[in-house]
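Worksheet: one structure, shown below.
Residue numbers start at 1 and run along the sequence shown.
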Amino acid sequence: MASPSPDTPAGQIARALVDFSLKGEFPEEHVSSLSIDSEVLPSAIEALANTKSKLQAEIHTINEETAEDVRSWKANAQSVQDDILRSKALANDILKQSEAPDVSGKTIAEAEAKAEFLVRELNYNLQVQEALKGIKSVNQTLDQVERARDERRILDALHLLEKSWKQLDAIPVSKSCRAIRLLDIRAFELKSSVHVVFDHVWKTLIHVDLDQHRVSISETRPDEPMSLSDAAIGLKAYKEVDERATQLWRDVESAILFPRMDTTRETLQGIYIDDNVLELRGTTDGSIESLFSDLEKVLRFLVKKVPQDLIDTMSPVLLPEILPKITKDWLDSAVPSSLEEMDRFQQVIAAAKQFHSTLKSLGFSNLGDLQEWADSAPRVWLSKRREAALDSVRTKLSEGLGTTKSVERVEKQLVSKSEGKQLAANRAVADDDDHGWNTAWDDGGDEDSKVAVDENKETAPTTASAPVAGATDEDDGADAWGAWGDDDAGEPEGKKEEATENKEENRDDDDDAAADAWGAWGDDTNDGDGEAGAETGNKPAQPSKEPETRELTLKETYNITSMPQPVLDLIFAIVEDGAALTQDRYASSPVAAAAAGLFSLPTLALAMFRAISPYYYAPRDGGNMFLYNDAIYLSERLADFAASWKARDDIGTRAQNMLRLDNDIKSLQSFANRAYSNEMTTQKTIVRDRLGGDQNFMHQDETESCVSTAVARVRYMAITWEPILSRSVWQQAVGSLVDSVAVKIIDDVMELPSIGQDEAYNIANLIATVTALDDLFLPSSGKKAEEEAIPTTAQYAPSWLRLKYLSEVLQSNLKDVRYLWVESELSLYFSADEVVDLIKVSFEDNARTREVIKEITGKPRPLDG
C-alpha cells in the first residue's frame with residue numbers, strides 16, 4: 001500500500017500521529033479538526049509502523065557501534081560498584097571491631113595489613129598530589145615560553161623550554177600518562193614555533209641579497225632583543241651550528257666570492273665594506289694581487305662579525321672550496337708559457353705566499369692546495385708548458401694542413417766514377433757540382449770513355465732514393481730515404497764503398513738491397529729480382545771496379561704541408577728556454593729546476609703529432625704520402641738541429657747534454673715508413689681487388705674491364721702522388737703498384753689449367769694494356785725525347801720484364817720459345833719448371849713438344865755457357 005501524500009488529509013493525520021509519538025508535539029488546529037474515518041486510519045497506522053521500524057533499525061545500529069563501549073562501561077561500573085561494596089564491608093568490619101575488639105592473633109594480623117594498605121593509599125595520594133603540582137608547574141612554564149616567544153626573547157624561551165623538559169622528567173609519572181604526553185607535545189610545538197621566530201631574527205641579523213651581491217651582518221638590531229652572539233647559542237640549542245655556518249658560507253660564495261672570481265666576465269667588480277655591509281660594486285682589475293686583497297677583506301669581515309663558533313665550523317668548508325678555484329682559474333692561468341714573463345710569475349708566487357701567511361694569521365687551516373702550489377712552482381710551470389705544447393700541436397693539426405711547399409734535400413756523399421756520371425746524367429746532383437764530370441773522370445779525354453758513360457746512362461738509370469718496395473708488401477715499410485745516407489743502412493761506414501762496388505754481385509740478397517746506402521740509386525732497388533735492373537732485351541750491366549771516388553752533392557725536392565714548421569718552431573723554442581734556464585741569469589728563478597723537464601717536452605710533442613696526425617692527414621688525397629714527407633722532413637731538421645746544438649758555444653755543456661733527440665728522430669723515421677707502408681698496402685689492395693682479388697682475373701666476367709680499371713687506378717695514384725713525393729720516391733711507389741699488377745697477372749696466368757691460342761692472344765693483349773704504363777717511367781720529357789727514351793719501369797717493378805716475357809711466350813710457337821730460352825734472356829726471369837709448365841698448358845703433347853721440354857730442362861741456366 002502506497003504512503004499517502006503529506007498534503008492529503010490522510011497524510012496530515014499520519015504526520016501528526018508520528019510527530020506526537022516521537023516528539024510529543026500536538027498537531028495544528030486545522031489538522032486536529034480533520035475527521036478520522038475508516039479510509040484515513042489505516043494510512044496513519046501504517047506511517048506509525050514505518051517510523052517504528054526505522055527507530056528499531058537505528059537503535060540496532062547504535063547498539064552494534066557502541067557495544068564495545070557499553071560493555072567496557074558496564075565492566076567498569078561493576079568494578080566500581082564492587083569496590084564500593086568492599087569498602088563498605090571493610091568499614092563495617094572496622095566499626096564492629098572497634099565496638100567489640102578481638103585480641104586474637106588473626107585479628108591483629110588483619111588489622112596490620114589494613115593499616116599498611118591505608119599507608120600505601122596515603123602515599124599514593126601524596127604522589128598524585130605531587131604529580132598534579134608538577135603538571136601544573138610545567139604548564140605554567142610553557143605559558144612563560146609562549147610569552148617569551150611572543151616578545152621574541154628567544155634565549156629566555158629556549159631556557160624555559162629546557163626547564164620544562166627537566167620538570168617533565170622530574171614528575172613521578174609514567175611517560176605514557178595522557179597528561180604527560182600532552183605536555184610533551186605542547187613543549188615540542190612551542191619549540192617549533194620558537195624556531196620560526198628564531199629563524200626570522202637570524203635572517204634579520206644576517207641578511208644576504210644574492211641579486212644585489214650584498215651581505216649584511218649585524219651584532220644587534222634596534223627592533224630585535226636578541227644579539228648575534230645569543231643567536232649562536234640558539235643554534236647550539238637547535239644543533240644547527242654546522243648547517244647555518246655552511247649555509248652562510250654558501251650565500252657569501254654565491255653573492256660575493258663567485259662573481260668576484262669569475263674569470264669569464266669581461267669586467268670584475270671590487271669588494272667593499274661599509275660598517276656591517278659587505279658588497280660588490282664598481283670595477284677592479286683582474287690581477288692576482290687584487291683578488292687576494294679582496295678575499296682578505298671578506299675573510300677579515302667574517303672573522304670580525306661572525307661568532308667564533310661559526311667561524312670554526314666554516315673554516316673546513318670555506319677554504320677547501322675556494323682554494324682549488326683560485327689555483328685552477330687564477331694562479332694556473334697566470335703561469336707563463338715561456339720565460340718572457342718570468343718576472344711577473346715570480347710576483348704571483350710571492351703574492352700567493354703572502355696570502356697563505358695572511359690566512360694562517362686569521363686562524364684558518366686546510367691551506368694545502370695554496371701551499372702546494374706556491375712550493376711546487378717549477379712543476380706547475382712545467383705542467384703548463386707541457387699542456388701548451390701538446391695543445392699547440394693539436395690546434396695546428398685541427399686547423400688543417402694548409403698550403404704545401406717544396407723543400408730540397410741536399411747531402412754530400414762519396415761515390416764511384418760510374419755512379420757519379422749516372423747521377424749527373426739524371427740530374428740528381430746540385431747544379432754547382434754538376435759541371436766537369438766527364439773531364440774530371442776522363443784521364444786524358446778518351447772519346448770512347450765518354451760514349452761508354454752515355455750508354456751506361458741509359459742502361460743503368462739512376463734516381464734519388466725511395467722507400468724499398470720489393471716483391472712483398474713488407475718491403476713497403478722500409479726507409480724511403482735509405483739511399484740518401486746510412487741512417488737506416490745497417491752497415492758500418494767502412495763497408496759502403498765495398499757495397500757500392502759489388503752491388504751487381506749482391507742482387508739476390510734482399511737484406512743487402514735494403515741496407516746498401518746507395519742501392520736505390522742504381523739497380524739494387526729491385527730488392528731481390530736483380531735481373532730486372534736491365535732494360536727489356538738487354539743483359540744486366542756488369543759491374544767494374546773503379547777505386548776512384550769523389551764527393552758528390554745530391555739533391556732532390558719534395559713537397560710538405562704547413563704542419564712541420566710550427567712543430568719545429570715549438571720544439572726549438574722549448575729547448576732554447578731549457579738552455580736559458582741552465583744559465584746563471586736564471587739561477588735564482590723559481591723554475592730553474594724545470595730545465596731538465598723542458599728537454600723532455602719535444603718527445604711528448606712529437607708523440608702527440610704521431611698519435612693524432614693520421615686522423616687529420618687521412619681525408620686529404622695522398623694524405624699518407626704527405627704525412628710521410630712531413631715526418632721525414634721533421635726527422636731531418638731535428639737531426640740537423642741536434643748536430644748544430646752540440647757545436648754551439650753560447651750554451652753550457654749541461655744544456656748540450658740534455659738534448660736527446662736520437663730516439664725521437666728514429667721514431668719519426670719509423671712513423672714515416674709506416675705511413676708510406678699503409679698507403680702502399682691500401683693501394684695495392686685496391687688494385688688487386690680490381691683484378692679479382694683472391695680469384696683469378698681470367699675468371700671474371702669483364703676481364704678487359706678489370707685490367708683497364710686496375711691500370712686506371714695506377715695512373716690516378718701516379719697523378720695524385722706526383723706533386724707530393726720526390727721523383728725517386730714517386731717512382732718507387734708507382735713502381736710498386738705496377739709490380740703488384742704484374743705479379744697478380746703472372747700468378748693468375750700461371751695457375752690456368754690450359755691456355756688456348758685465342759686465349760693466349762687475349763692475355764697478351766691484356767698484358768699490352770698493362771705495359772702501356774711504361775710511359776710513366778720515361779726518364780726525360782718532350783715528344784722527341786719520349787720517342788727515343790727507354791722506360792725505367794723494370795728498375796722499380798721487379799716483375800715487369802717477367803710480365804713482358806710472359807707475353808712473348810704466350811705469342812710464340814715452340815721454336816720461338818726455345819730461342820727465348822736458349823738464345824735470349826727468358827731464363828733470367830723464369831725458371832725451367834715454369835717455362836715447362838707454360839709449354840704444357842699452351843701446346844699439345846707431341847714429340848716436338850717433348851723435345852723442346854727436354855732441351856729446356858737440360859739447360860736450366862743457358863746463359864752461364
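Between Lys840 and Asp845, none of the side-chain N atoms (NZ, or NE/NH1/NH2) sits under 4.0 Å from a carboxylate O, so this pair counts as no salt bridge. Here Glu851 does not pair with Lys854 in a salt bridge; the nearest charged N to carboxylate O distance is not below 4.0 Å. Of the charged side-chain nitrogens involved, at least one lies within less than 4.0 Å of a carboxylate oxygen, so that Asp775 and Arg715 count as a salt-bridged pair. The residues Lys666 and Asp662 are annotated as not salt-bridged, no charged nitrogen and carboxylate oxygen being separated by less than 4.0 angstrom.
For the pair Tyr819/Leu826, no side-chain contact is recorded, criterion being any heavy-atom separation below 4.5 Å from C-beta on. Annotation: side chain of Leu820 is in contact with side chain of Ser812 (closest heavy-atom distance under 4.5 Å). With a 4.5 Å cut-off on side-chain heavy atoms, Val741 and Arg713 do not count as touching. Using a 4.5 Å cut-off on side-chain heavy atoms (C-beta onward), Leu638 and Leu606 make contact.
For CD of Glu855, the number of neighbouring non-hydrogen atoms (other residues, nucleotides, ligands) closer than 6.0 Å is greater than 12. Heavy-atom neighbours of Glu704 CD from other residues, nucleotides or ligands within 6.0 Å: at or below the threshold of 12. The number of heavy-atom neighbours closer than 6.0 Å to CD of Glu408, taken from other residues, nucleotides and ligands shown, is above 12.
Residues satisfying the side chain to side chain contact (heavy atoms under 4.5 Å, CB included) criterion with Asn765, sequence neighbours excluded, are absent altogether.
For Asp621 and Thr720, the side-chain atoms include no donor-acceptor pair closer than 3.5 Å. With 3.5 Å as the limit, one finds a donor-acceptor pair spanning the side chains of Asp774 and Thr793. For the residue pair Gln732 and Tyr796, no side-chain donor N or O sits within less than 3.5 Å of a side-chain acceptor on the partner. A donor-acceptor pair shorter than 3.5 Å can be found between the side chains of Ser807 and Gln811. Side-chain contact check for Thr849 and Asn846: at least one donor-acceptor pair (N or O, by modelled atom type) lies under 3.5 Å.
Between Tyr829 and Tyr805, the ring-plane angle classifies as parallel under the 30° and 60° cut-offs.
To the nearest 0.5 Å, the span separating OH on Tyr676 from CD1 on Ile632 amounts to 11.5 Å.
The two residues Asp739 and Ser799 come nearest to each other via the heavy atoms OD1-N, 2.7 Å.
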Next item on the list: Check the pair Lys684, Asp689 against salt bridge (Lys or Arg N to Asp or Glu O under 4.0 Å), reporting the backbone distance first and the verdict last.
Entry: CA-CA 8 Å; Lys684 284 183 178 181; Asp689 288 344; over 6 Å; no

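Under a cutoff of 6.0 Å and an axis angle of 45°, Arg620 and Phe626 form a cation-pi pair.
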